[in-house]
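Atoms considered below: every heavy atom in the structure, side chains included; atoms not considered: hydrogens, waters and symmetry mates.
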Amino acid sequence: MLILGIETSCDETSAAIVEETGDPARPWAIRSNVIASQAQIHREWGGVVPELASRQHIRDICGVVARALEEGRAAWGDLGAIAVTQGPGLVGSLLVGVSFAKAVAAVHALPLVAVHHLAGHIESLTLHNGELPLPAVVLVVSGGHTSLYLVERPGSYQILSRTRDDAAGEAYDKVAKLLGLGYPGGPIVDRLARTGNDRAIALPTTRLTHADRNAPELKGDLDFSFSGLKTAVLRHVRGRPALSEREVADVCATFQRIVVSTLVDRAFDAARRHHAKSIGVAGGVSANSRLRDDLKQHGDAREMPTFLPSVQLSTDNAAMIAAAGLRKFRAGLIAALDLNADASLAL
Ligand code: KG4
Ligand code: ZN
């Protein structure tokens, strides 16, 4: 079966055709994955402007879907279902994808599947690597989220912890902004960090020990917090004249060492506690070069299999939404045509 996936939760308009392979170990194959990025538009403002994002999704969605069908050598009649990101995300952006998906599902009498954006990121791991050894601990680390999940069975996602304040990608973007490096900051900080000294300055590491009052059911000691680190970078930069290139690289390298070691340590802690057989890391920040290297090194040292999506499948894309949609479709989870976007949808 072929499925059309549609993703418009933030500033990427994306559509993809994903095919079932019939192989239970490697269940899905990508036929096409078209992404129209709005980065150029939002760069001028130093971050995503929601109203501009939804307007651009409206301009792009028809062309992006048409190209996904063409590159995927598929006609509407070849599809078995349509999957769309229902949330979380920017509500105006989500509404464009959800409305479009509902309309084409109605016109072509196709089943509609509502996908949680983070389920998409988690399933990008299976899409790229095949099924993970379960139970698996999966870290989703993006511009909007930093959360650890326990996957005991395919399609079941149990939250273990999350960030109490900024997401890791958000911290990257904010640090890049205060260093005057441009948007989106993650890839730029990543590149500059490679030339810097990662012990050059003193920045704090955060370890939380108490349960979050807003989520007492999570023990809290696997939670993340990045706003203190970001403020420490701000204080370091503020007190001095313009930083030299070398100093900027040192700040990037030190910041990156602390973020990456926090992410990797918590993921391995969670895996040990939950007797996981593998660790996956997905979401935009999983494109980070140091995170990719350190995860592999830690995994090799502890004989723990680790998995990442390809760099293209790390950041927002519709192929991962199509994959998560196939998982739900096969579990019989079909959405009604009165589906609504939900900006703060829970997983
Ligand atoms: O998953 P994603 O495309 O969108 C969200 O769902 O948020 O993630 C985007 C985030 C941005 O904050 C971006 O700066 C970050 O991922 N990012 C990176 C890298 N590439 C993208 N952060 C660190 N290093 C990278 N190489
Ligand atoms: Zn995302």
Item to check | Separation between CG of Leu118 and CG of Leu347, rounded to the nearest 0.5 Å | outcome: 6.0 Å
Next on the checklist: Could you tell me if the side chain of Leu134 sits less than 4.5 Å from the side chain of Lys277, heavy atoms only?
Outcome noted: no
Checklist entry - Looking only at heavy atoms, which two atoms of Arg246 and Asn197 are closest? And how far apart? => result NH2-N, 4.1 Å
Next on the checklist: Is it the case that atom CZ in Arg67 sees more than 12 heavy atoms from other parts of the structure closer than 6.0 Å?
Outcome noted: no
Next on the checklist: Just so I know, are the side chains of Gln56 and Thr13 near enough to count as touching, which here means a heavy-atom distance under 4.5 Å?
Outcome noted: no
Item to check | Residues Asp60 and Arg55 bridged, charged N to O under 4.0 Å | outcome: no
Item to check | Side-chain heavy atoms of Val175 within contact of Leu181, under 4.5 Å | outcome: no
Item to check | Passing candidate, side chain to side chain contact (heavy atoms under 4.5 Å, CB included) with Arg31, options Ile17, Leu69, Val18 | outcome: Ile17
Next on the checklist: Parallel, tilted or perpendicular, judged at 30° and 60°: which one describes the rings of Phe268 and His298?
Outcome noted: tilted
Checklist entry - Parallel, tilted or perpendicular: which fits the ring planes of His121 and His117, with parallel below 30° and perpendicular above 60°? => result perpendicular
Checklist entry - Side chain of Asp173, backbone of Pro184: donor and acceptor closer than 3.5 Å? => result no
Checklist outcome for this item: dist Asn288:CG -> Leu291:CG (nearest 0.5 Å) comes out at 5.5 Å
Checklist entry - Pick from Thr306, Val311, Val281: which one makes a side chain to side chain contact (heavy atoms under 4.5 Å, CB included) with Arg292? => result Val311
Next on the checklist: Before you tell me yes or no, could you show the steps for Phe255 and Tyr172 under ring-ring contact (aromatic ring centres under 6.0 Å, His included), namely the whole-Å CA-CA distance, both residues' side-chain angles and the distance that decides it to 0.1 Å?
Outcome noted: CA-CA 9 Å; Phe255 167 80; Tyr172 264 97; 5.0 Å; yes
Can you give each donor-acceptor pair under 3.5 Å made by side-chain atoms of residues 80-93, sequence neighbours left out, with the distance rounded to 0.1 Å?
from	atom 1	to	atom 2	distance (Å)
Thr85	OG1	Glu7	OE1	2.7
Gln86	NE2	Asn340	O	3.0
Ser93	OG	Cys10	O	3.3

Next on the checklist: Would a single hydrophobic cluster contain both Leu337 and Ile6, if residues Ile, Leu, Val, Met, Phe, Trp and Tyr are joined by side-chain heavy-atom contacts under 4.5 Å?
Outcome noted: yes
Checklist entry - Taking 4.0 angstrom as the limit, do Asp190 and Arg194 come out as a salt bridge? => result yes
Checklist entry - Just how far is it from atom CD1 of Ile30 to atom CE of Met320, taken to the nearest 0.5 Å? => result 11.0 Å
Next on the checklist: So does Ser244 get a backbone contact from the side chain of Glu247, meaning a donor-acceptor N/O pair under 3.5 Å?
Outcome noted: yes
Next on the checklist: Between Arg266 and Asp223 (side chain of the first, backbone of the second, donor and acceptor by atom type, cut-off under 3.5 Å), is there such a pair?
Outcome noted: yes
Checklist entry - Can you check side chain to side chain contact (heavy atoms under 4.5 Å, CB included) on Tyr149 and Leu160, steps first, answer last? => result CA-CA 5 Å; Tyr149 288 90; Leu160 299 176; 5.9 Å; no
Checklist entry - Passes side chain to side chain contact (heavy atoms under 4.5 Å, CB included), Val141 versus Phe224? Steps please. => result CA-CA 11 Å; Val141 59; Phe224 301 92; over 6 Å; no
Next on the checklist: Tell me whether Ile201 shares a hydrophobic cluster with Phe226, the cluster being built from Ile, Leu, Val, Met, Phe, Trp, Tyr side chains joined at under 4.5 Å.
Outcome noted: yes
Next on the checklist: So Gln256 and Asp198, do their side chains get closer than 4.5 Å, heavy atoms only?
Outcome noted: no
Item to check | Minimum heavy-atom distance between Ala324 and Val115, given as atom pair plus value | outcome: CB-CG1, 3.7 Å
Checklist entry - So, does Asp293 use its side chain to make a donor-acceptor pair with the main chain of Arg290 at under 3.5 Å? => result no
Item to check | Interatomic spacing from NZ in Lys177 to CG in Leu234 - rounded to 0.5 Å | outcome: 12.5 Å
Item to check | Same apolar cluster: Leu229 and Val260, side chain cutoff 4.5 Å | outcome: yes
Next on the checklist: Taking Asn129's backbone N and O only, do any of them form a donor-acceptor pair with Arg26's side chain (distance below 3.5 Å, no angle check)?
Outcome noted: yes
Checklist outcome for this item: Nearest heavy-atom approach of Leu148 to Ala267 is CD2-CA, 4.0 Å
Next on the checklist: Taking Val251 as the starting point, is it possible to reach Leu178 by hopping between hydrophobic residues whose side chains are less than 4.5 Å apart?
Outcome noted: yes
Checklist entry - How long is the gap from CG on Leu110 to CG on Leu79, to the nearest 0.5 Å? => result 6.0 Å
Checklist entry - Any donor and acceptor pair, going by atom type alone, linking the side chain of Ser142 with main-chain N or O of Gly283 inside 3.5 Å? => result no
Checklist entry - For Ser314, does its backbone N or O pair with a side-chain atom of Ser124 as donor and acceptor, under 3.5 Å? => result no
Item to check | Met304 and Arg272, any side-chain heavy atoms less than 4.5 Å apart | outcome: no
Checklist outcome for this item: Residues Ser227 and Asp165: closest non-hydrogen pair is N-OD1, 3.1 Å
Checklist entry - Are the side chain of His145 and the backbone N or O of Ser147 linked by a donor-acceptor pair below 3.5 Å? => result no
Item to check | Check ion pair Lys174-Asp166 (N to O, under 4.0 angstrom) | outcome: yes
Item to check | Candidates Arg43, His42, Gln38 - the one meeting side-chain hydrogen bond (donor to acceptor under 3.5 Å, both in side chains) with Gln40 | outcome: Arg43
Item to check | Residue pair Asn33 / Leu313, side-chain heavy-atom distance below 4.5 Å | outcome: yes
Item to check | Ser14 side chain to Asn317 backbone, donor-acceptor under 3.5 Å | outcome: no
Item to check | Phe307 side chain reached by Ile279 side chain, heavy atoms, under 4.5 Å | outcome: no
Checklist outcome for this item: Closest heavy-atom pair, Ala68 versus Ala16, reported as atoms and distance to 0.1 Å, is CB-N, 4.0 Å
Next on the checklist: With side chain to side chain contact (heavy atoms under 4.5 Å, CB included) as the criterion, how do Tyr157 and Leu150 come out once you've worked through the C-alpha distance, each side chain's angles and the decisive distance to 0.1 Å?
Outcome noted: CA-CA 6 Å; Tyr157 319 109; Leu150 178 64; over 6 Å; no
Item to check | From Lys230 atom NZ to Glu170 atom CD, the distance as rounded to the nearest 0.5 Å | outcome: 6.5 Å
Checklist entry - Considering all heavy atoms of both residues, which atom of Leu2 and which atom of Ala74 are nearest to each other, and what is their separation? => result CD1-CB, 3.9 Å
Checklist entry - Hey, does the side chain of Thr126 reach the backbone of Glu131 with a donor-acceptor pair shorter than 3.5 angstrom? => result no
Donor-acceptor contacts under 3.5 Å from residues 99-107 side chains, at least two apart:
from	atom 1	to	atom 2	distance (Å)
Ser99	OG	Leu95	O	2.6
Lys102	NZ	Leu339	O	2.6

Next on the checklist: Membership question, hydrophobic clusters at under 4.5 Å side-chain separation (ILVMFWY): are Leu112 and Leu94 in the same one?
Outcome noted: no
Item to check | Beyond-backbone contact of Phe329 with Met1, side-chain heavy atoms, under 4.5 angstrom | outcome: yes
Item to check | Full working for side chain to side chain contact (heavy atoms under 4.5 Å, CB included) between Leu192 and Val248 | outcome: CA-CA 8 Å; Leu192 294 177; Val248 169; 4.1 Å; yes
